[in-house]
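Okay, so here's the structure we're looking at.
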There are 2 protein chains.
Amino acid sequence: MKPLLAATLFALLPAAAPAQSGTACCATGDLGLVVERATGSLLLVDRSDRAAIARIEGLGDLSHASLTYSPDERFAYVFGRDGGLSKVDLLTRQVVARTIQAGNSIGGAISDDGALVAVSNYTPGGVKVFDADTLELVADIPAPGKTIGLADLPGRRFIWTVWDSGEAYLGDFSGPEPVVANLGPVGANPYDAVVTADAHTYLIGLFGEKGVTAIDLWDEPPEPVRFLEDYGKVEDDMPVYKMPHLQGWAFTEGQFVLPAVGRHELLWVDRGTLDEAGRTQVHGQPVFIVAQPASPYVWVNFAMPDNDTVQVVDSRTHEVVETLKPGKAVLHMEFAPRGAEAWVSLRDDNRIRVYDTRTFEVKAEIPAESPSGIFFTARAHQPGL
Amino acid sequence: MKPLLAATLFALLPAAAPAQSGTACCATGDLGLVVERATGSLLLVDRSDRAAIARIEGLGDLSHASLTYSPDERFAYVFGRDGGLSKVDLLTRQVVARTIQAGNSIGGAISDDGALVAVSNYTPGGVKVFDADTLELVADIPAPGKTIGLADLPGRRFIWTVWDSGEAYLGDFSGPEPVVANLGPVGANPYDAVVTADAHTYLIGLFGEKGVTAIDLWDEPPEPVRFLEDYGKVEDDMPVYKMPHLQGWAFTEGQFVLPAVGRHELLWVDRGTLDEAGRTQVHGQPVFIVAQPASPYVWVNFAMPDNDTVQVVDSRTHEVVETLKPGKAVLHMEFAPRGAEAWVSLRDDNRIRVYDTRTFEVKAEIPAESPSGIFFTARAHQPGL
């Protein structure tokens with residue numbers, strides 16, 4: 001199985017070149033951005049051509065970064081570790097607005113209508129909300145500590161959680177003034193949280209105690225409920241950098257699947273009852289668990305020293321069906337929205353590998369500088385992304 | 001609650017004007033096409049601006065038409081009643097290829113990788129498969145009768161069913177030659193079929209006998225299973241034009257919801273057991289039942305003489321929570337992909353009405369000529385659409 005090296009080479013890539021004249025490269029439905037963490041740049045990729053088409057520079061510190069897209073799939077809002085919020089135009093391939101809005105930010109979200117971009121911050125804590133057109137500050141919501149797990153909810157709302165106070169908040173920005181409700185205590189030191197794809201459940205991982213907290217967002221008012229009382233915190237306190245990403249929790253076949261903290265295990269949970277539904281022994285400590293669209297499968301990557309491996313697990317049988325060795329330091333996996341391909345970033349091999357999800361054939365490899373997160377524009381249409 | 005009339009007027013719309021120079025209108029993530037059934041034209045709409053931006057003409061007979069999008073959200077493939085397959089470029093706003101590929105076609109689909117477009121035909125029966133770039137015929141699959149319920153499956157596959165023989169077929173087009181498997185008998189006179197959003201289940205409605213047939217597409221081999229043995233065919237044979245659209249079946253909260261044929265009722269079915277889980281009395285004979293994304297709600301429209309009404313039903317309680325009167329002849333409903341808005345076509349009022357799904361406020365009205373189907377480009381990223 002010989003990887004096909006993409007014809008596009010680094011040296012030929014224009015940095016932030018304007019879009020070609022005419023319309024050949026204007027449709028944005030199959031584009032994507034790859035975070036190049038060491039160089040503070042973004043690689044613009046074309047899914048259909050399986051190729052890099054431009055590099056966009058000047059994004060600041062992207063050593064821990066994420067991004068979200070405008071509804072028209074034209075603009076990306078990039079949240080950098082240095083507190084930078086940058087707006088990138090995929091058509092002109094330029095940073096069109098940038099603000100250092102905090103000292104240390106950890107993520108953000110865009111409102112369902114694309115009007116507002118919210119950022120959650122560590123230093124100082126709180127949530128800042130910006131006009132998506134201009135990046136002007138429109139609301140500054142203080143918090144009693146570091147904010148984590150910020151996500152968009154329908155109706156121009158956002159939800160977030162505060163590490164220090166262990167409380168979740170729901171902010172409604174649909175009226176002339178923001179209305180922020182405290183949803184109550186969720187547990188000690190929530191370290192990450194995620195909304196399910198149907199915007200039904202907000203799941204909160206705890207660092208300070210055992211258990212996971214769920215909030216049914218369709219309830220009025222939404223209330224925190226604890227489950228999996230034995231999940232999480234292990235005997236020896238673990239360093240935070242080994243905590244799995246909650247955005248990697250996959251939701252399939254009426255189940256959640258969670259990374260078992262500190263163990264080489266996936267944990268399956270029945271969505272209806274919140275009871276454990278099974279476990280899967282895997283190759284290492286899971287980091288991301290991502291559901292392959294239109295399939296019963298989830299793909300899992302692992303923490304060091306097992307980060308050269310990806311495993312594919314069947315959500316019906318809970319069995320590992322494939323073990324792949326993509327290369328050095330698998331940091332992220334992103335699926336073509338209909339599930340035909342998986343794109344895997346290999347930080348220490350400086351490339352992205354593209355798998356056919358049906359045959360596991362390597363369809364292409366694309367050079368990239370220390371790639372981490374891969375974000376396809378199809379995310380623009382998914383609640384919670 | 002006063003509808004806001006969009007500023008765009010018919011007379012000002014250029015027919016198939018090229019895209020403006022520059023990049024202002026090139027991103028395609030928030031565009032859509034509305035079928036204008038009487039005039040054989042398509043209205044290009046911008047979701048963000050809630051406005052029509054162009055009319056594209058020369059599509060033939062669109063009195064019963066559907067369409068699907070290329071993965072880059074640039075091209076639409078339009079399936080017309082007259083057997084015409086047209087390729088429309090959203091950037092240049094022109095028909096760029098067109099072929100009369102049959103005497104009477106009823107729908108089509110695009111492969112998960114965007115390489116192939118398949119069309120299901122009544123006259124003659126069978127499935128024709130075209131190169132998505134050129135519309136050249138690449139495969140002609142005969143069938144023992146009229147083909148219905150054609151849908152794409154992952155791995156460059158399509159599934160379809162034959163009305164006359166009551167059999168379902170799975171075609172794999174990933175190799176050099178198509179491989180077509182007969183999945184066996186599904187019941188008498190299947191009249192429509194649909195794939196769930198996760199590409200897990202193929203549901204087939206029967207006209208010739210009672211019951212519904214499900215095929216688990218993740219099984220190897222997939223096998224037809226009958227359920228709801230009392231569903232469907234009523235005492236007096238009903239004309240086919242009153243049969244509900246199966247593509248309107250919604251899938252929410254672990255349930256299917258089906259239109260009860262000939263009755264003023266929705267039927268809720270547990271996905272796991274395939275048993276009936278409840279019924280909802282509604283305003284008329286349901287036609288489309290569409291799940292509002294990121295919510296527990298489905299929206300329902302109705303056959304004549306109740307086609308001035310839309311009802312919103314809660315999938316948790318099975319209760320009607322809102323009754324709307326959008327106008328004359330509600331033919332279709334399409335949601336913004338994150339669920340913030342519902343666009344409703346009003347054929348006999350010659351307009352589209354845009355609702356805020358949270359407040360039910362009318363946010364805009366857009367003039368259109370006898371509008372029927374509304375198709376947003378976000379469909380490009382959804383299996384089975």
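Order of the sequence lines sets the chain letters (A, B, ...), proteins ahead of strands, with each chain counted from 1. Please read these numbers as outputs of a predicted model, since none were measured by experiment.
Atom CG of residue Asp198(A) and atom OG of residue Ser295(B) lie 9.0 Å apart, to the nearest 0.5 angstrom. The line from CG of Asp216(B) to CZ of Arg316(A) is 7.0 Å long, rounded to the nearest 0.5 Å. Atom OG1 of residue Thr357(B) and atom CG of residue Asp112(A) lie 7.5 Å apart, to the nearest 0.5 angstrom. In this structure, OG1 in Thr377(B) is found 5.0 Å from NE2 in His381(A), a value given to the nearest 0.5 Å. Atoms CD and CG, on Glu73(A) and Asp72(B) in that order, are 10.0 Å from each other to the nearest 0.5 Å.
Nearest heavy atom pair, residue Arg47(B) against residue Pro71(A), reads NH2-O, 3.7 Å. Of all the heavy atoms in Arg338(B) and Asp152(A), the pair that sits closest is NH1-OD2, 2.9 Å. Nearest heavy atoms, Trp218(B) versus Ala294(A): NE1-O, 4.0 Å.
Thr28(B) places no side-chain N or O within 3.5 Å of a backbone atom of Ala27(A) that could act as its donor or acceptor partner.
Of the listed residues Pro383(B), Ala378(B), Pro296(B), the one with more heavy-atom pairs under 4.5 angstrom with chain A than any other is Pro296(B). When the candidates Pro337(A), Ala340(A), Ser70(A), Gly254(A) are compared by the number of heavy-atom contacts under 4.5 Å with chain B, Pro337(A) comes out ahead. Counting heavy-atom pairs under 4.5 Å between each of Ser48(B), Ala380(B), Gly339(B) and chain A puts Ala380(B) at the top.
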Give the intermediate values and the outcome of side-chain contact (heavy atoms from CB on, under 4.5 Å) for residues Arg358(A) and Arg157(B). CA-CA 11 Å; Arg358(A) 204 151 166 243; Arg157(B) 295 177 302 158; 3.3 Å; yes

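For Arg156(B), no part lies under 4.5 angstrom from a heavy atom of chain A. For a residue to count as touching a neighbouring chain, one of its non-hydrogen atoms must lie under 4.5 Å from one of that chain's; by this rule Asp356(B) does not touch chain A. Contact annotation for Ser174(B): only side-chain heavy atoms (C-beta onward) come within less than 4.5 Å of a heavy atom of chain A. No part of Pro293(B) comes within reach of chain A, as not one of its non-hydrogen atoms sits under 4.5 angstrom from that chain.
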